[in-house]
Amino acid sequence: NYFYPKFNLPRDGKRGPSQSTVPHQKDAYARLLSQHHSSKFRSYLDQYVQQQGEERGPSEQRQGLAYSEKQDIPQRKRDQGGEESSLSLYMDKLNSRGALQEPERRQGVSDKQRRGERRDTNTSQDGDVESGEEFASLKQRDSQQQQQIRNKDYKDHVYKGGSKKQVFEAYMTTEDVSHGLKRGELIQGSIRINPKKYHEAFIAAPDGKRDIFLDGTAARNRALNGDVVVVQVLPQEQWKTKRPPSPDVIVEAETEAEEQLAKRVENISLNATGTGISPQQVVYIVEQKHSRAATGFLKFLPDKPFAMFSPVDHRVPRVNVPLPDCPHDFCSRPGDYANILFIVRITSWPDDSNFAEGRLAKTLGQAGEIEPETEGILIEYDVDFSEFSVEVLGCLPQKLPWTIPPEEFGNRRDLRKECIFTIDPATARDLDDALSCKPLPDGNFELGVHIADVSYFVEEGNALDFIASRRATSVYMVQKVIPMLPRLLCEELCSLNPLTDRLTFSVIWKITPEGKILSEWFGRSVIRSCVKLSYDHAQSMIEAPDKLFQADELPPCAAEHPVDEIHQAVLNLHSIAKRLRAQRFQGGALRLDQLKLSFTLDRETSMPQGCYVYQYRDSNKLVEEFMLLANMATAHQIYRSFPNKALLRRHPPPQTKMVDDLQEFCDQMGLNIDFSTAGTLHKSLNETLGDDEYTSARKEVLTHMCSRPMQMAMYFCTGVLKEELLFRHYALNVPFYTHFTSPIRRYADVIVHRLLAASLGGWRDTLKGEEVQKQASHCNDKKTASKRVQELSSELFFSVFVKESGPLDSEAMVMGILDQAFDVLVLRYGVQKRIYCKVSGLHGLETFHFHKVGKRGELTLVWAAEEPGKPSVRQEISIFSLVDVQLRADGAPMKYSAVIKRPIETV
């Protein structure tokens, strides 16, 4: 079979100056084009060219058909040798019989084709790709070996058939951008591209109340997800009109926040009316935050000097990769590589092409297998997982086993005799925080948070400090951790391992049983943890306050601190934590808990053997409460000391427009949710969803909805923002917050430790505000990437689990309604999936109908009767409906789908 691409004409319908005219051949040539895939016609052409070959001589052989995509006519002559295609020869004969001389114009080219919007190259059987690219014939090759062209041939390759039209606007100059930003004519921000609809992108408006919508790939102007861009919003008289949504398209009940914004987008001008949309577009890329690396598949294109790379992430463009970069037998055996994952790095993206240009960086391995997929994720998100260099390792103590130098004890508070212990996940190896709670004679407590003193080992400015600042965070995946620091530090010298002297930074309070802080102390210290407790150990102590635990029920404990002393300390911490937590939420704090999937892995293969929703229990809350307290206390301390260069963490309030939309939706659903403050929202979520076995599921669904308008918390330097009001942390509802408690895995905490030490006079302050802000921005980027890598790792393992153990059945709760689909939360596994009503394998579903109740979308599914003579079964689908679903592995790697099961009873 042969596939012929649909081609673009200039928007005015006129031919370009380089386009020649050809005879009008509607009855002959056009018919031949439509029939060229026919084997009968192909056979006729073969016979015809054989006859011509006998007349012309045996040295001339039939060549394949080449096209000038802009003209939509066959390339009549090869660039060399004068050889002609069979169709060209046949057309010569037709032309000699006489044909109309008026040029034919292609009609009915859709807007999608005009924009060069991407289509799946797998539909292109002969290797041509549907786009605005203009490909023509290539130089003749006498043998298969000549397809392995040199890089110079690739670079010098000339596209025949007319000059290429510009696909993207040229970028503004730096000077024009600077002036435009100062005048307020341009807007700068990070671009977010919808992963499900890659032609939709957004940047936050300067007021933070709504998003600016960028419609189409041309508007993004070659920016990739995460890039810092400058956007121009043109005057209202240049706005285009956006058609209102058709009746069968959901607006109010849309489940993807950015899909919803795309359909209900408003201009940032508050005076915008009607259906006008300002044609905003990217005019400059300030910083390429995207790695320009992508995981995907290579497709062989006959007679092209490059292969076509199709990324798995559709937000990344397709990339032309030189054939010399490809495996040596790729051209002769392309089918062998159909399911092989590759990494390609984009090197350039010309403004006259829908395709980027790039180089093949690495062959990863078989798609769908854990290790190749994991490596691809890490490279794509620019996670440095290389071994630490000799220079970096040279910064570590060389004399092992390492012991604390005697002079350090003179500079620190010695807490080694205190009952101090760690509480962490059972598998944790980087223990960077410990707790203590000592009763005082007056009935109060001396409560301490003790954090590993990483800054002692990571000296500012050396090679270790540099690599830590670049990595910025440890990256936690299902089967492994990519550490920020060498394991000698993470797991040994800095880790607060039990029964070992360790250097720490401590915050110690005198606190009442009710949680009122009477005094506070910061300082460097030395501790000796008496036991390493897991969350399970601590939870068992909380749940059995009167139980006498035996030594063999816990890990090894220090002899001077008996088990019952440790048990009582945990109970005291739990009691105070409950009071502090209650005070926080009474004071207006908000917590939006999202379900987290955990896995049990095979010890030898690391393959998933099972999975479960992680339970957030009182022991987790205990540790969290004191970490929050220490972070808030440290934030106040460093801001008091360094008001112009403290590194804090702020959380802006949610976007006003999205909150208003969600409030309207909740009102329509009859849900009494108060979005006026973080505190009122938290109270609403915990008081208005009933009290039955599905209350937690309804809360999870609503929590997911409430998470969409929320903005990301971010690190910043206090000297950058002039108003203290902007420092606030919305969710915690506190004026100042920072990260101090995890320096082993977060570089921001290392900076905070240095600032804290300087505030106490124990460290020479050399930091500058600009450097703090630059590092804060970098930490934000790396934290976002780390979070996404963690999510993708979990998705990978769950897809493998479904493939190996599925199909899996579960109850699910409906989260959102579309016109032909609905989204569900799969309760057993905590995953969210979209269920399509029009899907193969959905046996028994006769029809479905979407309708609205007010502005709320609902679906009615009609199932065929199971037995003759019985009525059909009607099933009503609305928000919070319970349905039975089955998760099944798809044919493609890493893919699984959710299918609704037939209801047992009539709804």
Looking only at the aromatic ring of each residue, does the gap between the centers of His778 and Tyr747 stay below 6.0 angstrom?
no
Find the distance between CG (Leu601) and OG (Ser606) and round it off to the nearest 0.5 Å.
6.0 Å
For Glu795, the option from Lys895, Lys833, Arg788 that meets salt bridge (charged side-chain N to carboxylate O under 4.0 Å, His left out):
Arg788
Would you check if Thr374 and Ser793 make a side-chain contact, meaning some heavy-atom pair closer than 4.5 Å?
no
Run the salt-bridge test on Arg834 and Asp823 with the 4.0 Å N-O cut-off and return the result as yes or no.
yes
Shortest non-hydrogen contact from Ile285 to Gln288?
CG2-CG, 3.9 Å
I'd like to know whether Tyr829 forms a ring pair (Phe, Tyr, Trp, His ring centres under 6.0 Å) with Phe798, so could you lay out the CA-CA distance, the side-chain angles of the two residues, the decisive distance to 0.1 Å, and finally the verdict.
CA-CA 9 Å; Tyr829 301 105; Phe798 188 67; 5.4 Å; yes
Could you tell me whether the side chain of Asp351 and the main chain of Gln166 form a donor-acceptor pair under 3.5 Å?
no
For residues Cys326 and Leu298, determine if any side-chain heavy atom of one lies less than 4.5 Å from a side-chain heavy atom of the other.
yes
Kindly check if the number of other-residue, nucleotide or ligand heavy atoms within 6.0 Å of CD (Glu459) is above 12?
no
Using the side-chain hydrogen bond (donor to acceptor under 3.5 Å, both in side chains) rule, take Thr217 and Arg220 through it: C-alpha gap first, then chi angles, then the decisive distance, then the call.
CA-CA 5 Å; Thr217 54; Arg220 293 207 299 270; 5.7 Å; no
Tell me yes or no: between the side chains of Ser786 and Tyr476, is some donor less than 3.5 Å from an acceptor?
no
Heavy-atom donor-acceptor pair, Asn225 side chain to Ile193 backbone, under 3.5 Å
yes
Given the rule in the side-chain hydrogen bond (donor to acceptor under 3.5 Å, both in side chains) test, do Ser707 and Gln594 qualify, once you have shown the distances and angles that lead to the verdict?
CA-CA 9 Å; Ser707 298; Gln594 300 274 351; 2.6 Å; yes
Min side-chain heavy-atom separation Phe342-Tyr337 under 4.5 Å
yes
pair Cys490-Arg429: side-chain heavy atoms closer than 4.5 Å
no
Is the backbone N or O of Glu460 less than 3.5 Å from a side-chain atom of Asp465, with the two atoms forming a donor-acceptor pair by type?
no
I want to check a possible cation-pi pair here: Arg315 against Tyr198, using under 6.0 Å from ring centre and within 45° of the ring axis as the test.
no
Six-ring centre of Tyr171, Arg222 cation under 6.0 angstrom, axis tolerance 45°
yes
Would you say Gln790's side chain and Met477's backbone share a donor-acceptor pair under 3.5 angstrom?
no
Can you measure from NZ (Lys774) to CD (Glu771) and round to the nearest 0.5 angstrom?
9.0 Å
Spacing of Ser495 atom OG and Asp432 atom CG [to the nearest 0.5 Å]:
8.0 Å
What I'd like to find out is whether the side chain of Tyr896 reaches to under 4.5 Å of the side chain of Leu808, using heavy atoms alone.
no
Correct closest heavy-atom pair for Phe213 and Asp215 would be CE2-CB, 3.7 Å
Heavy atoms of Pro311 and Val316 approach each other most closely as CG-O, 3.6 Å
Walk me through it: do Asp433 and Thr741 pass the test side-chain hydrogen bond (donor to acceptor under 3.5 Å, both in side chains)?
CA-CA 7 Å; Asp433 58 85; Thr741 54; over 6 Å; no
Taking the side chain as every heavy atom from C-beta outward, state whether Gln609 and Glu804 have any pair of such atoms under 4.5 Å apart.
no
Does CD in Glu387 sit with more than 12 non-hydrogen atoms of other residues, nucleotides or ligands closer than 6.0 Å?
no
For the side chain of Thr738 and the backbone of Arg649, is there at least one donor-acceptor N/O pair under 3.5 Å apart?
no
Check the pair Phe355, Trp349 against ring pair (Phe, Tyr, Trp, His ring centres under 6.0 Å), reporting the backbone distance first and the verdict last.
CA-CA 7 Å; Phe355 303 119; Trp349 193 351; 9.2 Å; no
Count the heavy atoms belonging to other residues, nucleotides or ligands that lie under 6.0 Å from OH of Tyr616, then report whether that count exceeds 12.
yes
Quick check: closest heavy atoms across Gly368 and Val800, and the distance to 0.1 Å?
O-CG2, 4.0 Å
Which heavy atom of Gln655 sits nearest a heavy atom of Ala204, and at what distance?
NE2-CB, 4.5 Å
Roughly how far, to the nearest 0.5 Å, is the OG atom of Ser348 from the CZ atom of Arg292?
11.5 Å
Verify, without hydrogens or angle tests, whether Asn780 (side chain) and Met714 (backbone) share a donor-acceptor contact under 3.5 angstrom.
no
Do Ser598 and Val478 touch side chain to side chain, with heavy atoms closer than 4.5 Å?
no
Work out which heavy atom in Gly358 is nearest to a heavy atom in Asp325; give both atom names and the distance.
O-OD2, 4.5 Å
Output yes when Lys787 and Glu791 qualify as a salt bridge under the 4.0 Å nitrogen-oxygen rule, no when they do not.
yes
Determine yes or no for a side-chain-to-main-chain donor-acceptor pair under 3.5 angstrom, with Gln775 supplying the side chain and Ser469 the backbone.
yes
Qualifying salt bridge (charged side-chain N to carboxylate O under 4.0 Å, His left out) pairs, either residue in residues 333-346, two or more places apart
Arg333-Asp336
Reported CG-to-CG distance for the pair Leu393 and Leu464, which is rounded to 0.5 angstrom:
8.5 Å
Look at the side chain of Asp227 and the backbone N and O of Ala223, then say whether any donor-acceptor pair between them is shorter than 3.5 Å.
no
Taking Asp424 for its side chain and Leu431 for its backbone only, find out whether a donor-acceptor pair lies under 3.5 Å.
no
Within the side chain of Asp329, is there an N or O that forms a donor-acceptor pair under 3.5 Å with the backbone of Ser332?
no
Could you check whether any side-chain heavy atom of His704 comes within less than 4.5 Å of a side-chain heavy atom of Gln832, counting everything from C-beta outward?
yes
Is the charged tip of Arg471 near the ring of Phe388: under 6.0 Å from the six-membered ring centre and within 45° of its axis?
yes
Between Asp382 and Lys782, does any NZ, NE, NH1 or NH2 come within less than 4.0 Å of an OD or OE carboxylate oxygen?
yes
Flag the pair Asp211 and Arg192 as a salt bridge only when some basic side-chain nitrogen lies within less than 4.0 angstrom of an acidic carboxylate oxygen.
yes
Which class fits the ring pair Tyr715 and His739: parallel under 30°, tilted 30 to 60°, perpendicular over 60°?
perpendicular
So does Glu391 have more than 12 non-hydrogen atoms from other groups sitting under 6.0 Å from CD?
no
Mind running side-chain hydrogen bond (donor to acceptor under 3.5 Å, both in side chains) on Glu357 and Thr347 for me, showing each step along the way?
CA-CA 6 Å; Glu357 295 176 359; Thr347 55; 5.3 Å; no
CD (Glu373) and CZ (Phe797) are apart, to the nearest 0.5 Å, by 11.0 Å
